[in-house]
Amino acid sequence: MSFPFTHHPQPSELQQKERPLTLSLSAAPAERDPHNVPAFDSKSLTCPSAPLLYLPPLLSSLPDQYPSEPIPLEHPPLITETRLPDIDPVSLSLHKALHHFKPFDADYVTKPYGEAFNWSQLALPENEEREWYCVVFRSKRKPGSDGGALYDADKYAHEEAVRNGGLILYWYGIPDPITGMNLATCIWQSRRHAVAANSRPHHIKAMRLAVESYEVYSLERHVLRKGKGSPAVTIEPYHGGEVGW
């Protein structure tokens with residue numbers, strides 16, 4: 001079983017200092033602009049002092065030999081401090097495209113995975129083909145559960161996953177204000193990478209805390225596919241077997 005992280009882990013502090021990040025969904029005015037990315041710690045995300053909107057995607061930093069991609073001004077991603085040990089050429093193309101990854105609209109929590117994000121707006125070179133493994137976590141927190149401990153465990157599990165390779169992107173939304181349901185997702189270079197992450201110590205600790213902290217949680221698995229002859233990608237349900245390489 002592959003289990004995505006349940007809180008947004010720590011992004012690169014350097015990027016936060018260099019560029020103030022803004023998002024584009026509207027919200028009621030508050031003392032803190034809810035479009036701005038909040039400080040990332042165990043209290044700011046679990047007990048926010050003002051309304052928050054969805055968070056940007058968190059992309060794993062590329063290996064040292066690859067130059068950094070320009071950060072788009074609209075819906076900019078966050079980048080991890082920890083770097084991937086390696087990445088294949090087609091996954092590198094996906095990594096570039098995912099700089100523009102975002103929810104399709106504010107109702108992403110209730111939508112099927114293939115309709116929740118802007119997959120149709122992602123474009124890769126036409127001559128490339130590959131598939132990637134996606135894990136989706138739909139959840140509702142238990143009232144009074146210890147979000148701070150779970151945040152810290154997720155942070156270390158995320159760093160562990162990036163350092164050991166395979167994790168391209170992590171995204172975590174904001175709970176629906178009425179139902180409390182939320183959605184998180186990970187995109188992996190392969191299913192083998194995702195399965196290997198399950199046995200690592202920080203991931204195991206985060207899983208145990210998540211089971212204790214959630215009233216509702218369910219896992220979905222999907223395949224992100226890119227075929228030759230078109231720049232588009234598609235999302236399909238996972239039906240078994242290996243995905244990616």
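Side chains are part of it too, since the values below use all heavy atoms of this structure and drop only hydrogens, waters and symmetry mates. Quick caveat, the model's predicted, so the values are computed rather than measured.
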Short side-chain to backbone donor-acceptor contact, R130 and Q189, under 3.5 Å
yes
State, yes or no, whether a side-chain contact exists between L183 and F117 at a heavy-atom distance under 4.5 Å.
yes
Non-hydrogen side-chain atoms of R83 and P63 separated by less than 4.5 Å
no
Derivation and outcome, side chain to side chain contact (heavy atoms under 4.5 Å, CB included), residues I187 and L98
CA-CA 10 Å; I187 301 177; L98 289 172; 4.1 Å; yes
Whether N182 side chain and S139 backbone form a donor-acceptor pair below 3.5 Å:
no
In this structure, CD of E159 is separated from CG of L167 (nearest 0.5 Å) by 12.0 Å
Counting only N and O atoms by type, is there a donor-acceptor contact under 3.5 Å from the side chain of S91 to the main-chain atoms of D88?
no
Measure the spacing between CD of E128 and CG of L92 and express it to the nearest 0.5 Å.
8.5 Å
Taking 4.0 angstrom as the limit, do R192 and E242 come out as a salt bridge?
yes
Is a side-chain donor or acceptor of N118 paired with a backbone partner of Q121 at a separation under 3.5 angstrom?
no
Can you tell me how far CD of Q65 sits from CG of D86, rounded to the nearest 0.5 angstrom?
8.5 Å
Hphob cluster co-occupancy, V136 + I168, side-chain heavy atoms under 4.5 angstrom:
yes
Excluding sequence neighbours, so at least two apart, what forms side chain to side chain donor-acceptor pair (under 3.5 Å) with H99?
none
Report the relative orientation of the aromatic rings in W119 and Y113; use parallel for angles under 30°, tilted for 30 to 60°, perpendicular for over 60°.
perpendicular
Is any side-chain heavy atom of L59 closer than 4.5 Å to one of L78?
no
Mind checking whether H158 and Y170 have parallel, tilted or perpendicular rings, split at 30° and 60°?
tilted
Mind checking whether L94 and I235 sit in one hydrophobic cluster, side chains of I, L, V, M, F, W, Y counted as touching below 4.5 Å?
yes
Donor-acceptor check, side chain of R138 to backbone of V109, threshold 3.5 angstrom: yes or no?
yes
d(L224 CG, L122 CG) to nearest 0.5 Å is 8.0 Å
Closest non-hydrogen atoms of P85 and G165, given as atom of the first, atom of the second and distance, are CD-CA, 3.5 Å
Over all atoms of both residues, closest heavy-atom pair of P77 and P56
CA-CB, 4.3 Å
I'd like to know if the side chain of R221 reaches the main chain of Y238, judged simply by a donor and an acceptor atom lying under 3.5 Å from each other, with no hydrogens or angles considered.
no
So, the side chain of K142 versus the backbone of E212: is there a donor-acceptor pair under 3.5 Å, distance only?
yes
Report yes if the side chains of S213 and R141 come closer than 4.5 Å at any heavy-atom pair, otherwise no.
yes
Report yes or no: does T185 contribute a side-chain atom to a donor-acceptor pair with the main-chain N or O of V135 at less than 3.5 Å?
yes
Please check: side-chain N/O of S60 versus main-chain N/O of L84, any donor-acceptor pairing under 3.5 Å?
no
Do P57 and F101 have side-chain heavy atoms sitting under 4.5 Å apart?
yes
Could you tell me if the side chain of E236 sits less than 4.5 Å from the side chain of R225, heavy atoms only?
yes
Measure across A97 and A123 and return the closest heavy-atom pair with its distance rounded to 0.1 Å.
CB-O, 3.8 Å
Is there side-chain contact between K102 and H100, with heavy atoms separated by less than 4.5 Å?
no
What one should report as the nearest heavy-atom pair of A197 and W188 is CB-CH2, 3.7 Å
Could you state the interatomic distance from OH (Y108) to CG (D176), rounded to the nearest 0.5 Å?
8.5 Å
Indicate, with yes or no, if V216 and I174 share a hydrophobic cluster defined by side-chain heavy-atom contacts under 4.5 Å among Ile, Leu, Val, Met, Phe, Trp and Tyr.
yes
Below 4.5 Å, heavy atoms only, C-beta onward: do Y172 and F137 meet side chain to side chain?
no
Please report the closest heavy-atom contact between P175 and G180, naming both atoms and the distance.
CB-O, 3.8 Å
For the backbone of S61 and the side chain of T80, can you confirm whether one donor and one acceptor N or O come within less than 3.5 Å of each other?
yes
CH2/W132 to NZ/K226 distance, rounded to the nearest 0.5 angstrom?
7.5 Å
Tell me whether D105 is salt-bridged to K111, with the criterion being a basic N under 4.0 Å from an acidic carboxylate O.
yes
